[in-house]
Amino acid sequence: MAPESVDLTVRTLGDCRIESPLAPLLASSESTEHYVDENDRVLFDDTVRMVAARKAKLDALPSFEPGGPRRKIFFQPSKTRVGIVTCGGLCPGLNDVIRGLVLELTSHYGVTKIYGFQNGYQGFIAKYGHPPIDLDAEAVSGVNEYGGTILGTSRGSQDPYEIVDCLESMSINVLFVIGGDGSMRGALTIADVVKERGLKIAVIGVPKTIDNDIPYIDQSFGFQTAFSKATESLRSAHVEARAVPNGVGLVQVMGRHSGFIACYAALANNDADYVLIPEVPFQLDGDDGFLAHLRRRVAQRGHAVVVAAEGAGQEYLESDEPGQVDKSGNRKLKDIGLYLRRRIADDFAAHGMETSLKYIDPSYAIRSVPANPYDSVYCIRLAHAAVHAAMAGRTAMVVGRWRGRFVHVPIELAISKRNQVDPAGDLWMSVLETTGQPRTFG
Ligand code: ATP
Ligand code: MG
C-alpha cells in the first residue's frame, strides 16, 4: 500500500524576532534545552516499514512541527491582545483548557488583555448581545472543577467577515478556538479572511471531540473522562442483566461516526458481550445475524450486555424521515438504542423467550462531567502548546499529540477526514478478543 501523502506545513504570520520572556522561568536563562529546536521535526511514520515505503531521505520524510516554547517569538507580549472562544457540544476539559490558556498567557508571557467571547461564534456578533468578558487568573480560578464551559457555547453559522470585523475593532492579535470539526472549519475561514485583509492575527485551535474522531491526533482531550464515565453505565447494565432471568443490558454511548468510546468502555469494563460501532456494519436478522447471536448467548449464559455507539447501524433507520440536520448542518442521527431495544424485545418474544431488557443512555451525563486528572493534565499541556504556538506567530493550525509528542497540525489536515476505529486494526481486535463476538454478523 502506498504511504499516505500529507502536507504538514504550518502557516506563520512572519519571522520571530522577539526574545521570549520565558527564559528566566526555565532552568537557566543560558540553557536552550527547554526551547524547541526550530530545525527539529516529529516524524509522521513510526514503523520501519512505513518509513521504508517512503523511499525518501531522512530530511524528506513527512514530519510535524514540534509544539513547545520558542526562544524567539512573533508577538510582543505586553502589546498582545487575546480572544478565547468555545464552540460546539460540551466535552470534559473545556474549562481546563480555558484556564490553562489564561494562566500561561498571563503568568509566563505577561499578556494582560484576554477576552472571553461568549456563546461560541455568536460572541463576535453584536446583535446577539453577548459582550466579551475579561479573563485573568482570578476569573478562571477553580473553573476546572466544573464541567461545561464558563464561556458558553452555540451552534449555527456566523459570518467570518463579521467575526474578523470584531477582532479588528478590538485589536485582537491572537484568537484561540476550542471546538470540534465545525468550529475548526469556522476557525480556518476566520484565518483566511484575516489573511485576505493582510492582518496579523494568529488563529489557533484546540480541537475538541468527545468521540476521539479528530485525525492526526493520538487522542482528544475529554475522551478518557468520557469512556471512564461510560464504563459506569456498562457496570450498571451488567448488574441489571445478571439480576434477572435472560437479562439484557443495552447501553448506547456517544460516537456519531467513530466507535472509540464504545470500544474503550467495553475494554475497561470487560463485561460487554457485544460492541456495535459505525465502522463495522452488522446484520440484525438471519441465523448469523446479531439478534440470533444475542438470543443464543442469553440462552447459554443467562444474560448479556450490549454496547452500541450512537452512530452504529444507522442504515437500519435511514428509511424514515431522512435529511434532518441541526443548526450547524450536522446530520441528526436516529436513535439506534431505542430501535435495538424494540428489535431485541420483539425477537425474544417471537422465539417464545422471556427477557428483561434494561436500556441505558448516559450521553449527556458523560459530556457534562469535569475532566478526570489524566484529561486535566492533557488539557493544560495542550493549552500551553497552543499559547507557545500563537506567541510564535503560527496560525491556521491546531495543537495535538502525535505518537506521544506535542505537535502543530494544519487545520486543513485536522478537518480533512475522521479518525475511526480500524476494523482491521489492533483496537477492534482487542474488542473481539474481550467480547467473544464474531468478526461480522451475517
Ligand atoms: P461538535 O463536534 O461538538 O459538534 P463542532 O465544533 O463540530 O462541535 P458545530 O455546531 O458543528 O460544532 O460548529 C460549531 C460552530 O462552527 C458553529 O457556529 C458553526 O456554524 C461553525 N461551523 C461549522 N461548520 C462550519 C464551516 N464549514 N465553515 C464555517 N463555520 C462552520
Ligand atoms: Mg462536529
Side-chain angles (χ1 to χ4, degrees), residues 83-95 97-98 117-128 130 147-149 151-167 175-196 203-215 217 219-223 225-226 253-261 278 309-311 314 324-333 363-364 366-369 371 379 382 396 398-400 409-420:
I84 302 176
V85 65
T86 52
C87 320
L90 294 183
C91 174
L94 290 167
N95 286 333
V97 176
I98 296 168
F117 289 91
Q118 301 194 82
N119 294 107
Y121 289 133
Q122 287 185 4
F124 300 95
I125 313 291
K127 72 169 184 208
Y128 290 101
H130 313 305
T149 158
L151 298 178
T153 183
S154 69
R155 296 196 189 276
S157 75
Q158 307 302 336
D159 178 6
Y161 289 91
E162 271 187 73
I163 294 175
V164 178
D165 288 345
C166 172
L167 295 174
L175 175 65
F176 293 105
V177 179
I178 312 164
D181 54 338
S183 311
M184 293 308 138
R185 287 194 171 84
L188 186 58
T189 52
I190 294 169
D192 288 342
V193 174
V194 164
K195 190 173 171 198
E196 193 181 304
V203 181
I204 303 288
V206 183
K208 165 210 74 95
T209 152
I210 203 163
D211 298 347
N212 197 34
D213 58 0
I214 297 213
I217 285 176
Q219 207 170 74
S220 54
F221 75 81
F223 169 68
T225 307
V253 297
M254 301 194 102
R256 295 172 55 83
H257 305 280
S258 307
F260 288 104
I261 294 181
E310 59 182 334
Q314 287 293 309
Q324 291 242 38
V325 292
D326 73 9
K327 270 187 176 174
S328 292
N330 302 306
R331 189 167 61 88
K332 279 193 183 165
L333 298 186
S363 62
Y364 288 102
I366 287 179
R367 290 186 357 159
S368 57
V369 299
C379 286
L382 283 171
V398 303
V399 284
V409 183
I411 292 186
E412 286 94 334
L413 214 58
I415 56 176
S416 61
K417 60 176 188 180
R418 280 180 212 285
N419 188 26
Q420 288 195 304

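Ligands are counted one by one from 1 in listed order, and the atoms in each one are counted from 1 as well.
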Any side-chain heavy-atom pair of Leu167 and Ile190 under 4.5 Å: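 Touching, per the 4.5 Å side-chain cut-off.
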Quiz item: With a 4.5 Å limit on heavy-atom distance, are the side chains of Lys208 and Thr86 in contact?
Solution: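 With C-beta onward as the side chain, the pair stays apart.
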Do any nitrogen or oxygen atoms of [X] lie less than 3.5 angstrom from nitrogen or oxygen atoms of ligand 1?
X      : result
Arg155 : yes
Gly182 : yes
Ser328 : yes

Nearest protein heavy atom with distance in Å, relative to [atom]:
atom                    : answer
atom 6 (O) of ligand 1  : Ser183 OG, 2.3 Å
atom 7 (O) of ligand 1  : Asp181 OD1, 2.6 Å
atom 29 (C) of ligand 1 : Gly186 CA, 3.4 Å
atom 26 (C) of ligand 1 : Arg185 CB, 3.4 Å

Quick one: which ligand 1 atoms are inside 4.0 Å of a heavy atom on [X]?
X      : value
Lys208 : 1 (P), 2 (O), 3 (O), 8 (O)
Gly89  : 1 (P), 3 (O), 8 (O)
Ser157 : 20 (O)

For Asp213, enumerate each residue passing the side-chain hydrogen bond (donor to acceptor under 3.5 Å, both in side chains) test, keeping only those at least two apart in sequence or located in another chain.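 Result, side-chain hydrogen bond (donor to acceptor under 3.5 Å, both in side chains) vs Asp213: Thr209.
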Note to self: Looking at every heavy atom in both Gly156 and Ser328, which two are closest together, and how far apart are they?
What the structure shows: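 Smallest interatomic distance, heavy atoms only, reads N-OG, 2.8 Å.
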(request) Compare every heavy atom of Asp211 with every heavy atom of Met254, then report the nearest pair and how far apart it is. (result)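 So the two residues come closest at CB-OD1, 3.8 Å.
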Can you tell which of Cys91, Gly156, Pro207 gets a heavy atom nearest to atom 17 (C) of ligand 1?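 The option holding the nearest heavy atom is Gly156.
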Are the side chain of [X] and the backbone N or O of [Y] linked by a donor-acceptor pair below 3.5 Å?
X      : Y      : value
Gln118 : Leu151 : no
Thr153 : Gly88  : yes
Asp181 : Ile415 : no
Ser154 : Asn119 : yes

- Task: Look up atom CG in Leu90 and atom OH in Tyr364, then write down how far apart they are to the nearest 0.5 Å.
- Result: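 OH of Tyr364 is found 9.5 Å from CG of Leu90.
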Note to self: To the nearest 0.5 Å, what is the distance between CZ on Phe117 and CD1 on Ile125?
What the structure shows: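 Spacing of CZ (Phe117) from CD1 (Ile125) equals 10.5 Å.
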Check: In terms of the angle between their ring planes, are Tyr121 and Phe124 parallel, tilted or perpendicular, with boundaries placed at 30° and 60°?
Finding: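 Tilted.
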### Query
Which part of Asn330 is near ligand 1, with near meaning a heavy atom under 4.0 Å away: side chain, backbone, both or neither?
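Near ligand 1, Asn330 shows its side chain, while the N, CA, C and O stay back.
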The Mg ion (ligand 2): protein N, O or S atoms that are less than 2.8 Å away, sorted by chain |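 Hits for the Mg ion (ligand 2) below 2.8 Å: Asp181 OD1.
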Under a heavy-atom criterion of less than 4.0 Å, does Thr209 contact ligand 1?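 Contact check Thr209 vs ligand 1: negative.
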